[in-house]
Structure formats: structure tokens, C-alpha cells
Amino acid sequence: AMATAVDRCHAVPTPNLKKSDIVFSGEAATQIYESLLKLTNAAMLYQKISDWKPSDPVIRKPMQGDLLNLQVLASLPGSSRNIPFDEEGRPAESRVLVKEGVVQALSGSKRFCDYIGYDAPLQILNYRADGGTMDQERILQEPCLELAEFSDFQADAAPRLALVGVELG
């Protein structure tokens with residue numbers, strides 16, 4: 001709540017733009033990354049909600065710029081999810097799920113991994129999302145809108161269909 005109040009104090013009126021780059025930060029970025037993590041889940045693949053498979057690019061169109069990296073971490077400093085075993089009793093482990101925009105591994109329960117013939121089940125306890133060669137200060141020097149939080153964000157079982165509300169003032 002305090003961070004929201006600080007963000008609102010620094011907010012300025014939105015210019016009348018036809019087109020603009022948007023920079024997602026804070027909770028808004030977290031919500032997007034967590035929706036993308038769901039696409040690596042074996043249950044989503046089994047149910048045909050996701051089509052992300054190891055060795056496939058996450059975006060199948062030519063792209064410019066920096067590519068996505070997602071990694072599951074066995075431990076993360078300060079996290080309450082630093083536990084030695086996951087829900088199914090397997091030791092917590094770190095694993096790269098997406099590297100430079102290409103799926104490297106899947107996550108998910110043993111049951112759904114077995115259904116799709118994937119032999120390395122993994123529950124996501126902690127994660128790290130990164131990519132990019134510019135730091136936040138450099139990014140914000142370019143003309144853009146910085147979105148600190150969504151007024152509404154709903155990603156259902158099909159994370160590719162996200163209903164997002166952004167209030168521009």
C-alpha cells in the first residue's frame with residue numbers, strides 16, 4: 001500500500017499518445033512473469049492450453065531486442081518458500097526453464113509429466129526472471145510509459161488470455 005502511494009505521488013498525467021513503449025515494473029511485471037511460468041507447466045501442455053515444449057522458441061515470430069530467461073531456484077534469499085522438498089517429496093532444485101527465449105525444461109507434477117512423457121517433474125518454489133542488457137534507469141531515459149501496477153489483471157487457466165486493466169490518467 002505504501003509503495004502504491006509513493007508511485008501515485010510520482011505519477012504524472014498521461015500524454016495523449018497514439019503509440020508508446022510500455023515498461024512494466026513492480027507488481028505488474030511479477031504478474032506477467034508468473035503467467036509466463038504457467039506456460040512451462042506440464043498440466044498446461046497436457047490440456048493443450050500451452051504449446052511450450054523443450055527446444056521450442058517461446059515466440060515463433062522474428063523478434064528484436066532481448067529475450068526472456070526464466071529459472072526455478074531451490075532457494076532465494078529472504079523467501080518463505082525456501083524448503084528442502086517440494087509438495088511431492090522431491091528435493092527442491094534449481095533449473096533453467098527458458099533461456100534466451102527458448103524453452104529448456106518444463107515444470108509440473110509427476111502425474112502430468114508422466115502423462116506427456118516428460119521424465120523430470122519439478123514444482124516451482126522460487127523463480128528468477130531476467131533478460132535484457134539495459135538497467136531500469138537507462139530504459140526509463142527513453143520515451144515510454146512506466147506501468148507500476150495494473151488496475152486489474154486476470155490470467156485464468158489459459159495464461160495467454162490475460163484480461164488487463166490499465167487506468168491512464
Look up atom [atom1] in [X] and atom [atom2] in [Y], then write down how far apart they are to the nearest 0.5 Å.
X: E93; Y: Q123; atom1: CD; atom2: CD; value: 11.0 Å
X: D21; Y: I139; atom1: CG; atom2: CD1; value: 10.5 Å
X: Y33; Y: L68; atom1: OH; atom2: CG; value: 6.5 Å
X: L67; Y: D130; atom1: CG; atom2: CG; value: 11.5 Å
X: D86; Y: K110; atom1: CG; atom2: NZ; value: 12.0 Å
X: N41; Y: Q47; atom1: CG; atom2: CD; value: 8.5 Å

Q: Apply the test side-chain contact (heavy atoms from CB on, under 4.5 Å) to residues N82 and N126: give CA-CA distance (whole Å), side-chain angles for both, the deciding distance (0.1 Å), then the verdict.
A: CA-CA 8 Å; N82 290 338; N126 300 294; 3.0 Å; yes
Closest contact, heavy atoms only, [X] versus [Y]:
X: V58; Y: V98; value: CG1-CG1, 4.1 Å
X: C113; Y: S107; value: SG-O, 4.3 Å
X: D56; Y: D51; value: OD2-O, 4.0 Å

Q.
Starting from I59, can I reach V96 by hopping between I/L/V/M/F/W/Y residues whose side chains sit under 4.5 Å apart?
A.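 In one cluster with V96: I59, no.
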Flag the pair [X] / [Y] as yes when at least one side-chain heavy-atom distance between them is below 4.5 Å, and no otherwise.
X: Q71; Y: R95; value: no
X: Y127; Y: E34; value: yes
X: Q136; Y: S25; value: yes
X: L37; Y: L70; value: yes
X: D114; Y: R111; value: no
X: L106; Y: L122; value: no

Backbone N or O of [Y] within a donor-acceptor pair of the [X] side chain at under 3.5 Å?
X: S94; Y: A74; answer: yes
X: S79; Y: S75; answer: no
X: N69; Y: E100; answer: yes
X: Q104; Y: V102; answer: yes

Q) Going by side-chain heavy atoms closer than 4.5 Å, which hydrophobic residues are tied to L76, directly or by a chain of links? A)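 Under the 4.5 Å side-chain rule, L76 groups with L73.
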Q: Take I83 and L125 through the test side-chain contact (heavy atoms from CB on, under 4.5 Å) and record every step on the way to the result.
A: CA-CA 8 Å; I83 54 178; L125 301 173; 3.9 Å; yes
Q: Given side-chain contact (heavy atoms from CB on, under 4.5 Å), test L39 with L45 step by step and report yes or no.
A: CA-CA 8 Å; L39 293 171; L45 203 64; over 6 Å; no
Q) Between S109 and E88, is a side-chain contact (heavy atoms from CB on, under 4.5 Å) present by the stated rule, with each step listed? A) CA-CA 8 Å; S109 68; E88 296 181 331; 3.2 Å; yes
Q: Quick one: list whatever passes side-chain contact (heavy atoms from CB on, under 4.5 Å) with D119, sequence neighbours left out.
A: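 By the side-chain contact (heavy atoms from CB on, under 4.5 Å) rule, D119 matches no residue at all.
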Q.
Suppose the criterion is ring-ring contact (aromatic ring centres under 6.0 Å, His included): which pairs have a residue in residues 74-114, not counting sequence neighbours?
A.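 Sorted result for residues 74-114: Y46-F112, F112-Y115.
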Q.
Can you tell me if Q141 has over 12 outside heavy atoms packed within less than 6.0 Å of its CD?
A.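 Yes, enclosed.
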Q | Neighbour count >12 (heavy atoms, 6.0 Å) for atom CZ, R90 | A |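 Yes, CZ of R90 has more than 12 neighbouring heavy atoms, counting only those of other groups under 6.0 Å.
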